[in-house]
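Working notes, beginning with the structure itself.
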Amino acid sequence: MNTISDNLGELATTMGATMLTVSADEVVMSIPVQGNRQPFHLLHGGANAVLVEHSASILAQCLAPQGRAAVGTELNISQLRSVTQGTVTARAIPINVGKSSMCALVDIHDDAGNLTATGRMTCVFIHAGQA
């Protein structure tokens with residue numbers, strides 16, 4: 001799992017993501033609002049989507065059977081509250097884990113603990129050579 005937390009990938013790195021927790025029980029990561037805002041100075045909804053997808057994908061990879069890779073197949077996100085400053089933190093937890101797929105719930109909170117977005121992502125486990 002060190003490889004997962006050591007290499008966040010280009011997009012997450014560009015967004016200033018920080019990995020806080022990586023385990024098969026949960027993945028927690030955060031990004032700063034500054035640098036990830038839309039023209040009206042609110043956190044971009046796409047930034048929330050990246051947090052949902054990235055944290056859920058890392059969680060899925062932690063849960064993938066040996067020799068398999070997790071690949072996202074469905075992403076759903078609801079924007080609930082605007083954020084203009086500070087950081088937002090995503091916590092991904094498994095909803096259901098099967099032999100060939102998993103579904104994760106991801107809640108995003110601001111620094112005050114307010115729920116700002118929530119999402120769900122489904123990943124399938126494919127043979128690692130297919131990824």
Side-chain angles (χ1 to χ4, degrees):
M1 278 187 275
N2 288 341
T3 307
I4 294 171
S5 59
D6 291 343
N7 180 9
L8 292 175
E10 295 171 1
L11 181 56
T13 299
T14 298
M15 293 177 66
T18 302
M19 189 65 62
L20 304 172
T21 303
V22 177
S23 75
D25 295 323
E26 70 175 0
V27 169
V28 180
M29 63 186 300
S30 65
I31 61 166
V33 174
Q34 184 173 357
N36 293 305
R37 293 182 234 185
Q38 41 95 313
F40 303 106
H41 305 287
L42 304 173
L43 179 66
H44 197 290
N48 282 328
V50 169
L51 270 175
V52 170
E53 181 162 351
H54 207 72
S55 60
S57 293
I58 292 170
L59 178 66
Q61 193 57 50
C62 290
L63 294 166
Q66 184 147 357
R68 300 219 176 220
V71 177
T73 57
E74 181 183 11
L75 176 66
N76 173 294
I77 185 155
S78 297
Q79 317 291 345
L80 304 174
R81 183 185 197 114
S82 62
V83 184
T84 59
Q85 60 187 359
T87 60
V88 289
T89 302
R91 179 177 180 252
I93 60 171
I95 296 173
N96 185 63
V97 182
K99 292 180 182 179
S100 62
S101 67
M102 67 87 51
C103 185
L105 173 68
V106 183
D107 285 338
I108 300 174
H109 292 85
D110 64 14
D111 289 331
N114 298 307
L115 181 65
T116 62
T118 189
R120 188 185 70 248
M121 184 162 173
T122 301
C123 295
V124 296
F125 302 131
I126 63 171
H127 292 285
Q130 294 176 315

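All values below were derived from every heavy atom in this structure, side-chain atoms included, with hydrogens, water molecules and symmetry-related copies excluded.
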Using side-chain heavy atoms (C-beta onward) and a distance below 4.5 Å, is [X] in contact with [Y]?
X: Val33; Y: Thr84; value: no
X: Phe125; Y: Met102; value: yes
X: Thr116; Y: Leu80; value: no
X: Arg120; Y: Cys103; value: yes
X: Met121; Y: Val106; value: no

Between Asp111 (side chain only) and Thr87 (backbone N and O only), is there a donor and an acceptor less than 3.5 Å apart? yes
Identify the residue among Met19, His54, Arg91 that makes a side chain to side chain contact (heavy atoms under 4.5 Å, CB included) with Val27. Met19
Inter-residue atom distance [X].[atom1] - [Y].[atom2], 0.5 Å rounding:
X: Thr118; Y: Ile77; atom1: OG1; atom2: CD1; answer: 8.0 Å
X: Arg37; Y: Gln85; atom1: CZ; atom2: CD; answer: 8.0 Å
X: Glu53; Y: Leu75; atom1: CD; atom2: CG; answer: 5.5 Å
X: Asp110; Y: Ser30; atom1: CG; atom2: OG; answer: 12.5 Å
X: Asn96; Y: Leu63; atom1: CG; atom2: CG; answer: 10.5 Å

When you look at CD of Gln34, are more than 12 heavy atoms from neighbouring residues, nucleotides or ligands closer to it than 6.0 Å? no
